[in-house]
Amino acid sequence: MNKFYITTPIYYVNANPHIGHTYTTVAADVLARFHRLIGDKTFFLTGTDEHGAKIEEWARDAGLKPQEFVDRVSAKFQFIWNELNISNDRFIRTTESEHMRAVQNALEFMYKKGDIYKGEYEGLYCRGCEQFKTERDLIDGLCPDHKVAPELMKEECYMFKMSKYRDEILKKIEKDEFKILPAERKNEISSFYKNEKLEDVSFSRKNVKWGIPLPWDETHTTYVWADAFLNYLTGLGWTGPEDKNGSWREYWPADVHLMSKDILRVHATIWPAMLLSLGLGLPRELFIHGFFLVDGQKMSKSLGNVISPEDLMNRYGVDGTRYLLMSATPFGHDGDIGWNKFDEKYNADLANGIGNLVARSITLAEKASLIKGDRGDLTQNSKIPEAEQARYGAGKTQNHNLKFKTEIEQSWKTYQENLLELKIDSAIDVINKRIKFLDGYITEMKPWEMIKNSNENTGEVMYNVLESLRHVALMLWPFMPETAEKIYESLGLDMGKEMAEDKKFEDAIEWGGLSFETKIKKGGVLFPRIF
RNA sequence: CGCGGGGUAGAGCAGUUGGCAGCUCGCCAGGCCCAUAACCUGGAGGCCGCCGGUUCAAAUCCGGCCCCCGCAACCA
């Protein structure tokens with residue numbers, strides 16, 4: 001059995017969850033669910049990053065203690081992931097004492113090893129803020145809060161000897177032992193390594209109280225990135241470099257660290273250097289997805305075009321939101337979104353596509369039973385018509401059976417290939433092609449007419465449709481778990497049983513899995529059309 | 001010559017290893033009546049940013065130019 005360990009970045013709690021966080025997290029969830037579906041031993045980690053000067057400030061502004069503040073914001077993340085059916089195995093917070101202890105153990109190890117040494121940090125310091133500022137913090141070269149030009153100042157700090165690991169990391173990147181995808185992102189990073197000097201990085205701060213104290217010098221706290229990165233290990237239960245055989249070993253190294261491009265650089269430099277210093281393996285892959293533009297413009301509060309996850313869920317529901325985020329743009333590139341586009345796609349793919357197909361199929365199946373005079377409550381619990389006949393493919397239509405079988409097999413193959421390569425949008429295309437095909441098949445075969453004429457092949461045609469629907473639902477499950485379950489229910493099946501431990505994926509995706517004894521059940525409208 | 005990405009039908013985008021230019025929405029014309037004003041079929045609409053080169057063959061490979069966008073590290 002393969003293992004699959006996927007992470008999102010841990011989100012900095014200076015802001016509430018926004019669409020970018022949501023996008024990364026839903027994508028990770030889709031991939032995690034897919035790997036569970038195919039039987040991999042899967043671990044999906046997300047969480048919140050809760051230390052640093054910014055948090056102190058925000059807490060002060062909110063009139064709260066830092067811990068109260070981070071508790072509050074972290075809870076919002078957890079709440080919304082729960083709403084969105086995110087199936088993370090663990091939610092890590094960097095203020096958890098186990099995490100903090102492990103970070104101290106790690107830094108102590110690196111310090112003793114000589115990879116962390118005393119140095120100086122030089123930067124622009126604002127006396128008013130009692131803080132170092134970056135160029136980007138400044139407005140016209142002035143501190144935005146105090147309207148004063150910060151002065152160049154030096155401060156004692158502990159430095160991490162990142163430069164030492166430069167060659168080894170670059171080699172691993174080039175050889176794809178440490179993959180960076182998509183390819184253009186790998187180019188970006190390797191040319192960065194080649195063209196710029198990899199300098200040592202400051203790993204501690206003196207004036208930041210809200211952080212993890214260095215074990216050997218408590219006047220310093222740990223630089224937030226050093227603290228944050230280790231979550232990928234502590235989230236698995238790793239307690240420090242002494243922890244050689246904990247259960248974290250079953251999952252490390254991570255298979256995919258999913259993130260957006262703003263944090264690629266640090267993930268491709270500081271993090272692998274830390275791992276090498278700690279004597280641990282590098283993650284197999286960093287996958288970088290793009291940013292959203294809204295109607296061609298950057299999303300920003302000042303433009304007033306911010307689309308929040310709550311807005312999306314209110315309009316499209318949980319599954320609609322998950323689907324739209326995943327299908328709106330090619331995964332791995334920037335993409336343009338907007339309410340018009342979302343409405344359009346929702347109606348086309350969800351209301352008119354899968355929603356309508358399920359509705360017409362189930363109704364036809366019911367009618368087929370009604371005409372045949374089958375027993376049972378005909379409107380609520382019709383039996384799948386003429387199922388035995390379908391199994392053996394009697395009659396003129398039997399070549400359809402074969403065609404369905406091979407085409408479904410092909411679809412599964414492509415679907416899996418795409419998701420293994422993180423081509424999320426392409427996997428969705430596979431599903432939508434099946435849906436289109438089924439709509440065409442129904443129109444062509446005219447089962448409503450067959451029913452009227454008591455055509456002996458009605459059962460077979462309907463079986464082909466319903467069994468195809470079962471496969472579509474299964475493929476849909478990573479993207480829209482609730483919808484998949486509803487479709488299963490309509491087919492008289494139980495998604496829970498399908499996902500049970502003893503069930504083999506290979507069996508589930510075989511053509512003909514729909515039992516002839518099952519009862520179909522008409523459900524409600526899956527995706528009401530938006531006008 | 002800082003790094004990287006993009007310019008393909010009215011809009012938004014796909015086009016792996018060069019081999020008839022595709023998808024969704026919109027538009028037009030038919031069909032169907034099972035279904036969520038849905039679904040199916042056909043059609044109109046493109047000098048694939050510009051110029052040159054390689055090739056039997058270029059959206060795709062090479063060179064040059066124009067325009068747009070992101071990133072330029074201790075900012076999470």
Side-chain angles (χ1 to χ4, degrees), chain A residues 9-15 48-55 94 121-123 132-137 157 159-160 162 182 184-192 194-205 223-229 261-266 268-270 290-291 293 295-296 298 327-330 333-338 340-341 343-345 347-353 355-368 425-426 429 432-433 436 438-452 462 465 524-531:
Chain A
I10 46 173
Y11 303 115
Y12 205 55
V13 290
N14 63 352
T48 41
D49 182 8
E50 309 186 358
H51 287 127
K54 288 269 163 65
I55 303 297
T94 56
Y121 173 77
E122 191 181 53
F132 284 96
K133 297 282 170 183
T134 61
E135 295 284 344
R136 210 180 275 193
D137 289 333
C157 72
M159 304 287 291
F160 171 45
M162 180 158 79
E184 60 264 30
R185 303 261 92 103
K186 176 183 166 183
N187 292 344
E188 197 175 314
I189 290 300
S190 50
S191 66
F192 166 75
K194 287 172 195 161
N195 297 332
E196 320 229 354
K197 195 163 171 262
L198 192 69
E199 284 174 13
D200 290 349
V201 55
S202 147
F203 250 30
S204 76
R205 286 298 144 82
Y223 170 49
V224 276
W225 273 116
D227 169 357
F229 277 132
K261 57 189 176 181
D262 52 340
I263 54 176
L264 166 60
R265 181 75 61 86
V266 283
T269 51
I270 303 175
F291 278 161
L293 296 171
D295 298 318
K298 249 183 137 167
S327 63
T329 69
H333 302 279
D334 287 357
D336 201 34
I337 59 166
N340 288 340
K341 258 164 236 169
D343 278 0
E344 211 173 67
K345 205 150 178 58
N347 278 339
D349 294 354
L350 299 180
N352 301 346
N356 182 59
L357 174 65
V358 169
R360 72 192 295 215
S361 305
I362 298 299
T363 303
L364 282 167
E366 278 184 351
K367 292 198 176 172
D425 50 302
S426 305
D429 283 347
N432 283 331
K433 280 206 180 98
K436 264 214 161 317
L438 287 173
D439 267 326
Y441 179 71
I442 293 174
T443 305
E444 189 193 336
M445 298 311 291
K446 298 188 172 59
W448 55 92
E449 222 167 72
M450 298 175 87
I451 291 164
K452 261 186 225 151
M462 287 316 301
V465 171
V525 169
L526 290 176
F527 300 101
R529 217 181 132 81
I530 290 173
F531 293 97

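The side chain of A/Leu526 sits closest to B/U36 out of B/C74, B/C34, B/U36. Relative to the side chain of A/Lys446, the nucleotides B/U36, B/C34, B/C32 differ in distance, and B/C32 lies closest. For A/Ala351, taking side-chain heavy atoms from C-beta onward, the closest of the listed nucleotides B/C40, B/U36, B/G4 is B/U36. Considering only the side chain of A/Glu184, B/G5 comes nearest among B/U36, B/G5, B/C13. When distances run from any side-chain atom of A/Leu364 to the nucleotides B/A14, B/C34, B/C33, the shortest one goes to B/C34. The side chain of A/Glu449 sits closest to B/C33 out of B/C74, B/A73, B/C33. Listed nucleotides B/U36, B/A14, B/C74 differ in distance to A/Tyr223; the shortest reach to its side chain belongs to B/C74. You'll find that the side chain of A/Lys261 is closest to B/G70, out of B/C25, B/G70, B/A76. Which of B/C74, B/C39, B/C33 sits closest to the side chain of A/Asn352 comes down to B/C39. Relative to the side chain of A/Val224, the nucleotides B/A14, B/A76, B/U36 differ in distance, and B/A76 lies closest.
Two residues are said to be in side-chain contact when any heavy atoms from C-beta on lie closer than 4.5 Å; A/Leu198 and A/Phe192 meet this criterion. For the pair A/Thr443 and A/Arg360, the minimum side-chain heavy-atom distance is below 4.5 Å.
Closest approach of A/Thr329 to A/Asp425, counting heavy atoms only: O-CB, 4.0 Å. The two residues A/Glu50 and A/Thr48 make their nearest non-hydrogen contact at OE2-OG1, 2.6 Å. Across all their heavy atoms, A/Asn352 and A/Asp439 have their closest contact at O-OD2, 4.4 Å. Listed here is the closest heavy atom pair of A/Ser361 and A/Met462: O-CE, 3.5 Å.
Atom C1' of nucleotide B/C25 and atom NZ of A/Lys436 are separated by 11 Å, given to the nearest angstrom. Atom P of nucleotide B/C39 and atom CG of A/Asp349 are separated by 10 Å, given to the nearest angstrom. In this entry the distance linking CD1 of A/Ile263 with P of B/G70 reads 19 Å, nearest Å. Atom CD of A/Glu344 and atom C1' of B/C23 are 13 Å apart (whole Å). Separating the CG atom of A/Asp425 from the P atom of B/G12 is a distance of 18 Å, rounded to the nearest angstrom. Nucleotide B/A73 holds its P atom 14 Å from the CG atom of A/Leu264, rounded to whole Å. Between the C1' atom of B/A76 and the OH atom of A/Tyr11 lies a distance of 12 Å, rounded to the nearest Å. Taking atom CD1 on A/Ile337 and atom P on B/C13, their separation rounds to 12 Å, with Å as the unit.
Partner assigned to B/C39 is B/G31, using Watson-Crick or G-U wobble distances below 3.5 angstrom. Nucleotide B/G2 forms a pair with B/C71, judged by Watson-Crick or G-U wobble geometry with both contacts under 3.5 Å. Across all strands shown, nothing is found opposite B/A58 as a Watson-Crick or G-U wobble partner with both distances under 3.5 Å. Here B/G45 sits opposite no nucleotide as a Watson-Crick or G-U wobble pair (both hydrogen-bonding atom distances under 3.5 Å). Pair assignment for B/G63 gives B/C51, based on Watson-Crick or G-U wobble hydrogen-bonding distances that are each under 3.5 Å.
Spacing of P atoms, B/C27 relative to B/G10, comes out at 16 Å, to the nearest Å. When the C1' atom is compared between B/G22 and B/A14, the two are found 7 Å apart, to the nearest whole Å. B/A58 and B/C1 have their P atoms separated by 35 Å, given to the nearest Å. To the nearest whole angstrom, the two C1' atoms, one in B/U36 and one in B/G45, are 30 Å apart. For the C1' atom pair drawn from B/U54 and B/A72, the interatomic distance equals 36 Å after rounding to whole Å. For the C1' atoms, the distance linking B/A21 with B/A37 amounts to 34 Å, nearest Å. B/C23 and B/U8 have their C1' atoms separated by 12 Å, given to the nearest Å. Taking atom C1' in both B/G15 and B/A59, one finds a spacing of 8 Å when rounded to whole Å.
Look at A/Arg265 and you won't find any side-chain N or O under 4.0 angstrom from OP1 or OP2 of B/A76. Listed pair A/Asn340 / B/C25 fails the phosphate criterion, with no side-chain N or O lying under 4.0 Å from OP1 or OP2.
Of the two residues contacting RNA chain B, namely A/Met162 and A/Tyr12, the nearest-nucleotide position lying further toward the 5' end is that of A/Met162. The 5' end of RNA chain B is approached more closely, in terms of each residue's nearest nucleotide, by A/Asn187 than by the other of A/Gly355 and A/Asn187.
Contact annotation for A/Glu199: base contact, defined as any heavy-atom pair under 4.0 Å involving a base atom. Residue-level contact check: A/Lys345 touches neither bases nor backbone, having no heavy atom under 4.0 Å from any strand. Among the protein residues, A/Val525 comes within range of the nucleic acid bases, having at least one heavy atom under 4.0 Å from a base atom. Residue contacts shown for A/Thr363 are limited to sugar-phosphate atoms, with no base heavy atom under 4.0 Å away. Counting any heavy atom pair closer than 4.0 Å across all strands shown, A/Ala228 reaches no nucleic acid atom. Counting any heavy atom pair closer than 4.0 Å across all strands shown, A/Phe527 reaches a base atom. Within the nucleic acid shown, A/Phe192 comes within 4.0 Å of at least one base atom, counting heavy atoms only. Across all strands, A/Pro9 comes closer than 4.0 Å to no nucleic acid atom at all (heavy-atom distances). Using a 4.0 Å heavy-atom distance criterion, A/Asp439 is classed as a sugar-phosphate-only contact.
The pair A/Glu188-A/Arg185 meets the salt-bridge criterion, since a charged nitrogen lies less than 4.0 angstrom from a carboxylate oxygen.
Looking at A/Tyr223, its side chain never comes within 3.5 Å of a backbone N or O of A/Met159 through a donor-acceptor pair.
For the side chain to side chain contact (heavy atoms under 4.5 Å, CB included) with A/Pro528, the qualifying choice from A/Val525, A/Leu526, A/Ile530 is A/Val525, the only one to do so.
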